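What follows is a short report on a single structure.
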Amino acid sequence: MACCRTSISGLSVAMLVLLRITVGWHFFYAGIDKLTSPNFTATGFLGQAKGPLAEQIHDLIPDWDGREKFGALEVKAGDKAEDAKRRTEAREKTFAKLGEPWGNYVKLFLSHYQLNKEQEASAQKFFERRQAMLQEWVGDNQLAIEDYFHELHRLEAARKQRDAMVPFQQKRNWEAQTKLRGQLAGWNLQLGQLETDLHYDLRSLLTEAQVKRGTVPEPVSSMFTQDKIVIYSNLAIGMCLMLGLFTRLAALGGALFLLPVVLAQPDWPGLYPPPPPSAGRTFIVGKEFVEMMVLATLATLPVGRWAGLDFLVYHLLVRPVYRQRKES
């Protein structure tokens, strides 16, 4: 009987070690995939958040609703959309808001590369030409952006209605959100291309010696920081789990990492949209929830001491310190 118990205990330990390494590899490979993907961003996932916490999760995306960039064109209750003076002022404010970072970039560009007078004059011409194109873009899209905010107001009001959780209303709201997000993404893409063209124009002025100064240091966006945190936390958690180093902390970190993922896409009955067919048939408990519970369980066990570096950490550092405190 004792032999049987030992055999079962050894098998259990082996399987838990394999489970630790398996989950660690999953996290590590996910980090590698994100790191090597030039266009990775968590914006898409956060934008698909649903359920009671959707609005709070959406707020993690910079300018989620476009009000930061285009807020001057938002026609609020009581405003007169046909007021020519109001619309002109709104257009000018929007142009100034969108053009401000361009002007800041040009100043940084001139300072970073130490352009001569002739180069500065050419840079100013490029800037003025792109600014004219930006002003024209704002004018061409003003009506569409005003309509966008009108539909956004309707969506926000619909979400506050008592029937907001009725299946057909959930579907309508989600479709409206998807359409608005598509419009906003299209405008951001067009503006990004205009800004890229300005950067290209300016770089065409540089000499070989100036090019060697490297790129212009630009402000880091909050979304960029969040993306880096996601990437390197995946790598760190995965590596620690595979090596069995600081395993309990890594497992707890992995469980906490997956918690907002589970909350962003809750698999609750009647919640729209339903999980994609690739997720299989699930009910409340999806694969992310399962992995979160596995990590929470591993955090309660000394799995890092079993075929892991935590064995050395425990016997060379933790145990001597504990023994010294106990003797004193």
Side-chain angles (χ1 to χ4, degrees), residues 27 30-31 34 39-71 74 76-77 97 145 148-185 187-188 219-234 236-237 252-276 279 282-293 295-296:
F27 263 81
K34 295 177 177 68
N39 300 318
F40 166 73
T41 177
T43 302
F45 173 78
L46 296 176
Q48 293 297 309
K50 61 183 181 180
L53 298 178
E55 291 187 17
Q56 288 76 11
I57 295 172
H58 291 160
D59 288 340
L60 296 174
I61 303 175
D63 200 19
W64 153 259
D65 52 15
R67 285 188 167 102
E68 184 178 338
K69 285 182 179 177
F70 309 116
E74 182 176 3
K76 301 181 176 64
K97 179 70 176 179
I145 296 173
Y148 162 86
F149 280 115
H150 175 70
E151 293 302 319
L152 182 61
H153 294 163
R154 292 183 59 185
L155 174 59
E156 291 172 341
R159 283 175 170 165
K160 295 177 182 178
Q161 298 298 318
R162 293 182 179 180
D163 64 348
M165 295 306 294
V166 174
F168 83 89
Q169 189 61 49
Q170 283 192 67
K171 186 174 185 293
R172 289 178 59 181
N173 290 345
W174 185 267
E175 291 173 348
Q177 174 185 295
T178 302
K179 179 181 178 181
L180 293 175
R181 288 293 297 164
Q183 286 181 286
L184 190 59
W187 293 326
N188 286 332
V220 177
S221 70
S222 60
M223 198 66 236
F224 178 84
T225 303
Q226 290 182 56
D227 290 340
K228 292 302 180 185
I229 290 174
V230 169
I231 292 171
Y232 291 111
S233 63
N234 276 196
I237 291 169
L252 179 61
L256 293 176
F257 175 87
L258 287 172
L259 180 59
V261 175
V262 172
L263 293 177
Q265 297 289 336
D267 187 9
W268 298 346
L271 196 62
Y272 192 88
T282 58
F283 181 76
I284 300 178
V285 178
K287 58 183 180 180
E288 289 83 9
F289 187 91
V290 171
E291 189 171 20
M292 181 180 70
M293 296 306 297
L295 285 163

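Note that this is a predicted model, so its numbers are computed, not measured. Numbering of residues begins at 1 and proceeds along the displayed sequence.
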Open item on the list: Tell me whether Arg154 is salt-bridged to Glu151, with the criterion being a basic N under 4.0 Å from an acidic carboxylate O.
Closed with: yes
Open item on the list: Can a donor-acceptor pair be found, under 3.5 Å and without considering hydrogens, that links the side chain of Asp227 to the backbone of Ala42?
Closed with: yes
TODO: Enter the distance from His58:NE2 to Thr43:OG1 here, rounded to the nearest 0.5 Å.
DONE: 11.5 Å
Open item on the list: Testing the basics here: between Gly254 and Leu295, what is the closest heavy-atom pair and its distance to 0.1 Å?
Closed with: C-CD1, 3.5 Å
TODO: Evaluate the side-chain proximity of Glu288 to Met292: yes if any heavy-atom separation is below 4.5 Å, no if none is.
DONE: no
Task: Heavy atoms of other groups near Glu55 CD, more than 12 under 6.0 Å - done: no
TODO: Give the intermediate values and the outcome of side chain to side chain contact (heavy atoms under 4.5 Å, CB included) for residues Phe40 and Val230.
DONE: CA-CA 10 Å; Phe40 166 73; Val230 169; 4.1 Å; yes
TODO: Give, for atom CZ of Arg172 and atom CG of Leu155, the distance between the pair rounded to the nearest 0.5 Å.
DONE: 11.0 Å
Open item on the list: Checking Asn173 against Gln169: is there a side-chain donor and acceptor pair closer than 3.5 Å?
Closed with: yes
Open item on the list: Can you give me the closest heavy-atom contact between Ile57 and Ala49, atom names plus distance?
Closed with: CG2-CB, 3.7 Å
Open item on the list: Tell me whether Phe45 at atom CZ has more than 12 heavy atoms from other residues, nucleotides or ligands lying less than 6.0 Å away.
Closed with: yes
TODO: Nearest 0.5 Å please: distance from the CH2 atom of Trp64 over to the CZ atom of Arg181.
DONE: 4.0 Å
- [ ] Heavy atoms only: give me the nearest Phe70-Leu184 pair and the separation to one decimal.
- [x] CE1-CD1, 3.7 Å
Task: Step-by-step side chain to side chain contact (heavy atoms under 4.5 Å, CB included) determination, Met223 to Leu60 - done: CA-CA 8 Å; Met223 198 66 236; Leu60 296 174; over 6 Å; no
- [ ] Identify the heavy atoms of Phe149 and Gly66 that sit nearest to each other, and give their distance.
- [x] CZ-O, 3.9 Å
Task: Check against side chain to side chain contact (heavy atoms under 4.5 Å, CB included), Thr225 and Lys228 - done: CA-CA 5 Å; Thr225 303; Lys228 292 302 180 185; 5.9 Å; no
TODO: Give the minimum heavy-atom separation between Lys50 and Gln265, together with the two atoms involved.
DONE: CE-OE1, 3.5 Å
Task: Residues Glu291, Lys287: salt bridge by 4.0 Å N-O rule - done: no
Task: Minimum heavy-atom distance Glu68-Lys97, with the two atoms named - done: O-CE, 3.2 Å
Open item on the list: Less than 4.5 Å apart, side chain to side chain, heavy atoms only: is that true for Met165 and Leu271?
Closed with: yes
- [ ] Please step through side chain to side chain contact (heavy atoms under 4.5 Å, CB included) for the pair Lys179 and Tyr148, ending with a clear verdict.
- [x] CA-CA 10 Å; Lys179 179 181 178 181; Tyr148 162 86; over 6 Å; no
